[in-house]
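Ligands are counted one by one from 1 in listed order, and the atoms in each one are counted from 1 as well.
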Amino acid sequence: MGELKDLDTLVALAKRRGLVFPSSEIYGGINSCWDYGPLGVELKRNVKEAWWQATIRAHDNVVGADTSIIMHPDVWRASGHVDNFTDPLVDCKQCKQRFRADQIPGDRCPNCGGELTKPRQFNLMFKTFMGPVEDAAAQVYLRPETAQGIFVDYKTIQAAARLRIPFGIGQIGKSFRNEVSPGNFIFRSREFEQMEMEFFVSEKDDDYWFQTWVEERFQWYIRLGVRPERLRKRPHGQEELAHYAKACIDVEYLFPFGWHEVEGIAHRGRFDLTQHQEHSGKDLSYFDDQTGEHYIPIVIEASAGVDRALLTFLADAYDEEEDQGETRVVLRLHPQLAPVKVAVFPLQKKPALVEKAQALRKDLARRYNVAYDEAGSIGRRYRRQDEVGTPYCITVDFQSLEDQAVTVRDRDTTRQDRVSMEQVPQYLEEKMRTYQRYRP
Ligand code: ATP
């Protein structure tokens, strides 16, 4: 009983309930590309919304942006991605399988024990062509991170929004990496979404801001219900740091397949802006109108994956319990993340009950994503909602026609309250506002 033991259980649930499933499945699927169905897209939007609220709107010195996926190819020369964004690739001479050399133990094939080739550096950027002529001059890249769009735009945004250091710019969007070995469901795919925030500071307080953002980002997962004992901060060793980074701390989660990075908070120094200044020939210094100084700011970055965060929330929320000889599967998702906030049921398919339940559904749908279900026993309907993490289920029964009250059932405690229909919106608001993760 209890928590998620293997990823396959979650993959099966995600497919069955239309959360996430393989892309192009009728053609046999395409390795490591995933589609989000009706409930998945709601969950994903909620994850992004929670990040946007906490990282951008909550701060008066952080603003948002949405930059293009295809950028001038010189961006990637300046950023170092053309030369350095590589993984060491090895092939097994016997079974022909490919691996990332830094992800396998020892120097033999983990699959068959065969001899491996010497590592070759393999660039992870997807290439394509802009315009009708497929020659070298027309070659462009799909961005492997959203950050560079922020760096090249930072002065335009700073001036337009009249920002003073310290300030931040964040964005959410697709990134593409031709990963050598994608896998573990949506943990590592080749097309994914990132939520990145670049924070521009001076050398007076760069360490302070680095630590502050590490703490702030770590707490975000906890506030959204992830069990703290399954999260940790892991500083990178010197040998592990990316080509641009001075320091990096990963937020890691204990997945069924071990501790892995969900988000990285990096001290990028002046690397990116200096590089873009040199390659573009444009002055990218910041002018401090109080001291009269011109300088290149230092950048602190918080970089999270939408899909990886979503997998973290799903894996952590998964719970099973015995209920009258059956297994009850419950996603104990924070109400802020739950794809459906409230489900409305008429006790039976009787016109008077259906009409009242539909009126309530319509009213609640002005604020929330609401499910309506009139099929099967109430017990089964509860199960269907538990399995996708709906925090509240409302039943309209015969007595409701007399007393204008309904039964609201809590997903976690399964406790039921009788609430007057008029009071339902306030009741739900209050429950969601004061939600605390339930520990049976
Ligand atoms: P790894 O070492 O796991 O390849 P990384 O350190 O290269 O990851 P970053 O460049 O720091 O990853 O990317 C920032 C965030 O973007 C990661 O923490 C992760 O959440 C997300 N991310 C990166 N690559 C992928 C991917 N292939 N699939 C899904 N999410 C990803």
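Classified by interplanar angle (parallel below 30°, tilted 30° to 60°, perpendicular above 60°), the ring pair Phe345/Tyr382 is tilted.
Considering only non-hydrogen protein atoms, atom 28 (N) of ligand 1 sits nearest to Ser189 N, 3.0 Å. From the protein, the heavy atom lying nearest to atom 21 (C) of ligand 1 is Gly305 CA, 3.7 Å. Counting only heavy atoms of the protein, atom 8 (O) of ligand 1 lies nearest to Glu261 OE1, 3.9 Å. Looking from atom 14 (C) of ligand 1 to the surrounding protein, the closest heavy atom is Ser303 OG, 3.0 Å. Nearest to atom 25 (C) of ligand 1 among the protein's heavy atoms is Phe192 CZ, 3.4 Å. With hydrogens left out, the protein atom closest to atom 12 (O) of ligand 1 is Arg177 NH1, 3.5 Å, a heavy atom. Arg188 NH1, 3.5 Å is the protein heavy atom nearest to atom 1 (P) of ligand 1. Considering only non-hydrogen protein atoms, atom 29 (C) of ligand 1 sits nearest to Phe187 O, 3.2 Å.
Exactly one residue among Leu19, Leu43, Leu337 makes a side chain to side chain contact (heavy atoms under 4.5 Å, CB included) with Leu310. That residue is Leu43.
In summary, the atoms of ligand 1 found under 4.0 Å from a heavy atom of Glu179, numbered by their order in the structure, are 24 (N), 26 (C), 27 (N). Residue-ligand proximity, Glu263 to ligand 1, at heavy-atom distances under 4.0 Å covers atoms 18 (O).
Residues Glu49 and Arg57 are paired through a salt bridge, judged by an N-O separation under 4.0 Å between the basic side chain and the carboxylate. Between Glu430 and Arg433 a salt bridge is recorded (basic side-chain N to carboxylate O distance below 4.0 Å).
Here's the thing with Val262: one of its N/O atoms is less than 3.5 angstrom from an N/O atom of ligand 1.
Partners of Gln436 by side chain to side chain contact (heavy atoms under 4.5 Å, CB included), not counting sequence neighbours: none found.
If you look at Gln194 next to ligand 1, the close heavy atoms, those under 4.0 Å, all belong to the side chain.
Contact annotation: Arg100 has at least one heavy atom less than 4.0 Å from an atom of ligand 1.
Shown here is Arg16, whose CZ atom has more than 12 heavy atoms of other residues, nucleotides or ligands within 6.0 Å. Annotation for Glu239: atom CD counts as buried by contact number, over 12 foreign heavy atoms lying within 6.0 Å. Open room surrounds NZ on Lys362; 12 or fewer heavy atoms of other groups in view lie less than 6.0 Å from it.
Between the side chains of Glu196 and Ser303, at least one donor N or O sits under 3.5 Å from an acceptor N or O.
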